[in-house]
Amino acid sequence: MTLQLYYFPTLNGHKVTIALEEMGLDYDIRLIDILKGDQKSEEFLAINPNGRIPALVDGDISIFESAAILQYLGRKTGKLYAAEERTRTRIDSWLFWQMSGLGPMSGQVNFFTRAAAKADRDPVETSLPLHRFRRETERLFGVLERGLTGHEYLCGAYSIADISAWTWIDKYPENGGGLDSFPALRSWHGRIASRPAVERGLKVGQDLLSQELQAQYK
Ligand SMILES: N[C@@H](CCC(=O)N[C@@H](CS)C(=O)NCC(=O)O)C(=O)O
């Protein structure tokens with residue numbers, strides 16, 4: 001049965017399209033337009049009670065949270081997720097690190113940057129959180145730098161751990177101060193960006209968006 005991916009072309013959606021392309025799996029896209037509020041429909045909440053993309057349905061199994069989807073696909077195919085326990089738990093550690101650290105911190109930089117840009121906001125109200133979340137994102141870039149120094153990928157071979165962190169680095173490098181001070185991170189970013197499956201994964205669903213949104217989500 002073909003996998004059904006509930007999706008909008010954002011970086012959390014791209015984690016899954018990249019993995020699906022890398023693994024050579026067939027899938028259908030169910031576009032959930034998060035700008036129109038499709039993610040809060042009863043039909044979608046039955047699949048993901050958290051009301052966010054991505055979600056994946058495989059027959060009678062439905063999965064939400066991008067890292068849980070990556071782990072599921074890794075188990076299903078035996079690809080990009082080591083079978084051997086020592087490496088698999090290391091991959092899990094980086095996945096949890098991304099989901100609890102890099103994603104939320106960099107996401108808060110986005111929120112407070114937008115809030116700070118609004119003329120009616122008191123700068124004092126946004127400057128402290130912006131400072132805090134930028135510093136923390138920069139620290140997390142440093143953690144990746146340390147993990148990648150002397151290594152091509154985070155856990156030996158290229159894996160779902162790399163995919164999950166990569167989309168955040170690719171889309172918002174400026175949130176951690178840019179990649180210039182992180183040479184190992186910068187070359188890892190380039191190495192993954194040049195993979196054909198990554199290029200394909202980033203393009204999925206673009207044709208379904210208006211030109212204005214295509215520019216925003218490129
Ligand atoms: N931790 C979740 C985050 C999912 C998430 O934040 N999705 C965003 C798009 S990138 C979304 O659906 N936003 C719509 C909303 O917040 O209503 C995951 O990794 O799957």
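Residue numbers run from 1 in the order of the sequence given. Every number for a ligand or one of its atoms is a count from 1 in the order of the listing. Just the heavy atoms: all of them, side chains too, but no hydrogens, waters or symmetry mates, feed the values below.
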_Enumerate the salt bridge (charged side-chain N to carboxylate O under 4.0 Å, His left out) contacts for residues 53-75, please, sequence neighbours excluded, ordered by first and then second residue._
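Passing the test, one end in residues 53-75: Asp58-Lys76.
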*Kindly state each residue pair satisfying salt bridge (charged side-chain N to carboxylate O under 4.0 Å, His left out) with at least one member in residues 188-202, sequence neighbours excluded.*
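Of all non-adjacent pairs touching residues 188-202, those that pass salt bridge (charged side-chain N to carboxylate O under 4.0 Å, His left out) are Glu21-Arg200, Glu22-Arg195.
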_Given 3.5 Å as the limit, does a donor-acceptor pair link the side chain of Ser41 with the main chain of Asp38, or not?_
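Yes; judged by distance alone, with no hydrogens or angles, the pair exists.
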*For the pair Thr137 (side chain) and Gly176 (backbone), establish whether a donor and an acceptor sit closer than 3.5 Å, ignoring hydrogens and angles.*
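Not a single qualifying donor-acceptor pair exists.
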*Contact residues of ligand 1 (heavy atom under 4.0 Å), by chain and number*: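 Its neighbours under 4.0 Å (heavy atoms only) are Thr10, Asn12, Ile34, Gln39, Lys40, Arg52, Ile53, Pro54, Glu65, Ser66, Met99, given by chain and number.
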*Connected via hydrophobic side-chain network under 4.5 Å: Phe64 and Leu56*: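 Different clusters.
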Ignoring hydrogens and angles, write down the donor-acceptor pairs under 3.5 Å from the side chains of residues 97-106, residues two or more places apart or on other chains.
from: Gln98; atom 1: OE1; to: Lys15; atom 2: NZ; distance (Å): 2.9
from: Gln98; atom 1: OE1; to: Ser164; atom 2: OG; distance (Å): 3.0
from: Ser100; atom 1: OG; to: Phe96; atom 2: O; distance (Å): 2.7
from: Ser106; atom 1: OG; to: Asn175; atom 2: ND2; distance (Å): 2.9

